[in-house]
Each structure stands twice: as structure tokens, then as C-alpha cells.
Amino acid sequence: MRIISVLFFNCFIIFLSAQSLYVKEINALLNPALKPFYFGVASGDPGQTEVVIWTKVWNETSEPVNVKWEVAIDTLMQHIVATGQLITDTSSANTIKIQVKELMPNTTYFYRFTTGDVFSPTGRTKTAPVEADELRFAVVSCNNYEHGYFNAYRLIANRNDISAVIHLGDYIYEYGANNSTKHPSVRQHIPDHEILTLQDYRSRYAQYRLDKDLQEAHRLHPFISEWDDHEFANDAYIDGAKNHQPEEGDWKTREAIAKKVYFEWIPITDNATDNIIRKLSYGNLADVFMLDGRTEGRCKQVESPYDTMLTCVTRTMLGKKQCDWLTAGIDNSPAQWKVVANQVVFSELDAHQLSKKHAINPDAWDGYPEERKEILDSFYQHQVKNIIIMTGDIHLSWAFDLVQNPKDKSRYNAKTGKGVIGAEYVVPSVSSNGLGERFPRGLCNLIGSIIKHKSTNPHLRFQNLVDHGYVLLDLNKERAKATWFFCKTLKSRSPQYKAKDSYSTKFNENRLVREK
Ligand SMILES: [Fe+2]
């Protein structure tokens, strides 16, 4: 049965490939000076001896295109260390991805592509170290094109001190144009309808990747990426999504299209099953665990916090296989810091004083308490500490002491750090609307004071509910420090931040402290 459905899907894809790759509105966004490399270059999934490099050749015909690639140790591309050629065609939307191997650890490389006599821009990337005293990652999530300019990406592109960008998902949004009724769009989505078809998804990625700031961040840093829900549709789970209706067609077909296009456009290691679950090793200092909290094992969200199904032991977000992989991987990790690139908020968050109906967020880990308990039980049982959970999805900034049963004073003490095994750093959206766009500042402050109260959420140590930007995760042998950089504006291009806040957790001590 599976073979028949795979064959059917492949035929379906071939049929769709016969039509134009993109909606015609994309043409107006192309800068003729960059032809045919309008979408720049990118790299990703850096290992100690390998990295993925990516580009896309714009081809108006369906003819295959021959592309040469080169990797060098100098910006002038004179000392070439790896090179090759390949042919791309419309079956992959003329995207090109190469896994460059036999590189040196902890080394900066430069790369470019050539077709005919035209060179692509030169990209910069960096392999992972075997031994490191310090590592820095820029961590991002949720860049909605309509909601503002990607100034966080410009801030990141301007840095020369990071090893990689970790993207926690919502790299695109599936909505049509002017979707937000509460806040005027800064820019309009192409196509103007909700994306459903192969052409739609490709067009949406094309539009996002023509953003100069995102393109420059890709050109200058390797990305380590995972998807969340909007790469598919809002509140996606294994069999559907809140924003997918029966009249929009078969969910599994839509999911397969979305995965195919994600792997076409994102500089992520290819594999036969379009699987994003993987571990990246940064030597002695960090292991980075990339999760799929959407398509692998997530049961449908409950409708209400009082649904008796909430605590059913068979309800999972990761699924048993992924959950076992994560707990075993963390238990056995020799690295000093175990970084988990996680989509939705992991820590308990009690919001019942704001709203009884919305006392928990059923799409977050609060909606899957039994699987979370299993994961935390494993960490405590094996006495694992120094776990850093990086979270996106929610469009606000929080820092939690990572702890089980935060309200149980016999097990957790915020002052001494008793019971704390790590930290959860929640990163703001790059641009997607948050509370600040929905409510006046005074109401946001009131909401904030209710949430961040020691009687309801004693483990919540920092919050900013209104600003947008990114987090710099700075790891060394003594501490894991997060710095939230908040953009000055999203309404125009601006390479400035207006404020920053830093919290850190000391190695083996794990209590969050504010840093000046
Ligand atoms: Fe989001």
C-alpha cells in the first residue's frame, strides 16, 4: 500500500512539475544584475569535516543546467580545496545542494558556483570544531514576511563571531496576503492565497529567499535548520493541521509537497525520507539535537485544558522512537552542554489566572505532559545536567530554570538552584506578530505581571512579551549564556538593535542568573 501511495505521489509531483515552477509575480522581484543566481548561496549542517553548500539557478526553460562548484580557504577563491560539477533541473526547482567532504575542523571556508561564465556570490561557511573553548550560535525562529523586515538577519549577517545560525522553524508562513486583521501588513505575501500546491510552496520560499537580509545571513553563516508548523500549516500534527480543511485536499499530499520544497530550499543534509531529526557535534563543548515536533509523532492537540485525553500516556509530540533517541543521546553525550533545538515551549506555563479556558497552551509541551514527564524523568534518573533547550514558535522571549514540578518547593528552589538541571531559552520571533501587535503596551505589561509571578510560574526568570529579534547563545566551559537582541523597528530596514538582555546558567550549577 505504501509503495502504491509513493508511486502515486511521484506521478503527482511529475505532473505538477510540468507547470511553471513559480507564480508569475515572483518575476517582478528578481534583480537582473544577479541573474541567474538571484537567490544567492547558502550553507548548512556543518560537521567537523563536511558541510552542505546550496544555490539555485534560475532557468526559464526546462533544459538541465550544468553547474560547477568550488570551495576555497581564501576570499579570492585562489586556494581551492574541493571542486566538482553537477547538473540540475526542474525536478528540484533548479536548486543545487552538495555535501562537501574531507574538510578541516573548525575552519572558515569560502565557496561559489559557476554556470556558463557567470559566478554566484561568494559564500562563507565554517566547519565544527573537535575541541573548543567557546562557541556562539545565533538562534532564530518565526520570520513572517508580511509582518516586518528581517532586521534580525541583518544583525546576524553583520556578526563575525558565530559558528552557525540555528533556525527553530516557521521559516515561511502558509497564509495568503494580508492575513492579519489586527495589524496592517508591512509587505504582502506571494501568492496572495494560502499555499497548497507545489507551485505555491516553491513561490513562497522564492519570495522569502529574495529578502536581502535573509539572503545575506545565509551567505555568511551556515544554518542548522528544523521546521515547525508553518512550513506546513498552522498547528500541524501527524495527521493534519488546524489550518488545513478537508476541501483543501489530502493532508499527507500537502505535507509531502511541503517537505519536498523545504529540502529543495533549505541547506540541510538530504536523506531518503526527508527526516530532520539529527545530532550535530561541536566536539567537547556541545552536542546539538535537532527535533521534529510536528510530523514524526505528534498526536492532535486537545481542545481544552480539561480534556481527559490530556494526560493519556499514549499522547506524544515526538513519538517513542524520537523520544528514546533524544533521551539516550543526551544521557550518553560526552559534550559539556547538551543543546536541544526544540520547537514549542517545553517548560510548564500556568496561565489559569489569565484565562481558565486557556490555562495551558495545548500546542506546546503543556499539551503533552506525559511525554515531557518521561523525558524529564530520564534526565533526573541519569543525573544529567547542563541541558540547554532552545525554543521558538511563541513569538516572545522567556528564560526558565529547567526543572520538573516547579511549584513543588521540596524539589525546586529558585534562590539556591536546587532541582535545576539546565535552562530553557525562548527566542523572540524575527518578525512574526506577537502580543505587542495584538494588545496595547499597558495590557501586555499586565499580562506579563500575572504570568511572571512566583506563585504561578516561579521558574520563569525573564520575559519580554513584545519585542522581536534573535538570541545569541554563547557557550564556554564555565557557563551557557543567552543574550536577547531586540530590533529597533520592523517597519523599515534597520541594522540596529535597541536593547539587549542576558541570562546565564553556570556549568553543573544550572541556576539562571542575570548578566550585566
Ligand atoms: Fe511562529
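For the numbers below, each heavy atom of this structure counts, side chains included, while hydrogens, waters and symmetry mates do not. In listed order, ligands and their atoms are each counted from 1.
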Does [X] qualify as a cation-pi partner of [Y], given the criterion of NZ or CZ under 6.0 Å from the six-membered ring centre and within 45 degrees of its axis?
X      : Y      : result
Arg315 : Tyr368 : yes
Arg461 : Phe400 : no
Arg219 : Trp54  : no
Arg202 : Tyr22  : no

I'd like a table of donor-acceptor pairs (distance under 3.5 Å, sequence neighbours excluded) in which one partner is a side-chain atom from residues 436-451, with atom names and distances.
{"from": "Glu437", "atom 1": "OE1", "to": "Gly434", "atom 2": "N", "distance (Å)": "2.6"}
{"from": "Glu437", "atom 1": "OE1", "to": "His468", "atom 2": "NE2", "distance (Å)": "3.4"}
{"from": "Glu437", "atom 1": "OE2", "to": "His468", "atom 2": "NE2", "distance (Å)": "2.9"}
{"from": "Ser449", "atom 1": "OG", "to": "Leu446", "atom 2": "O", "distance (Å)": "2.8"}

Between Phe137 and Tyr282, is the gap from one ring center to the other below 6.0 Å? yes

Relative to the Fe ion (ligand 1), how many protein N, O or S atoms have a separation of less than 2.8 Å?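 Near the Fe ion (ligand 1), the number of protein N, O or S atoms below 2.8 Å is 4.
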
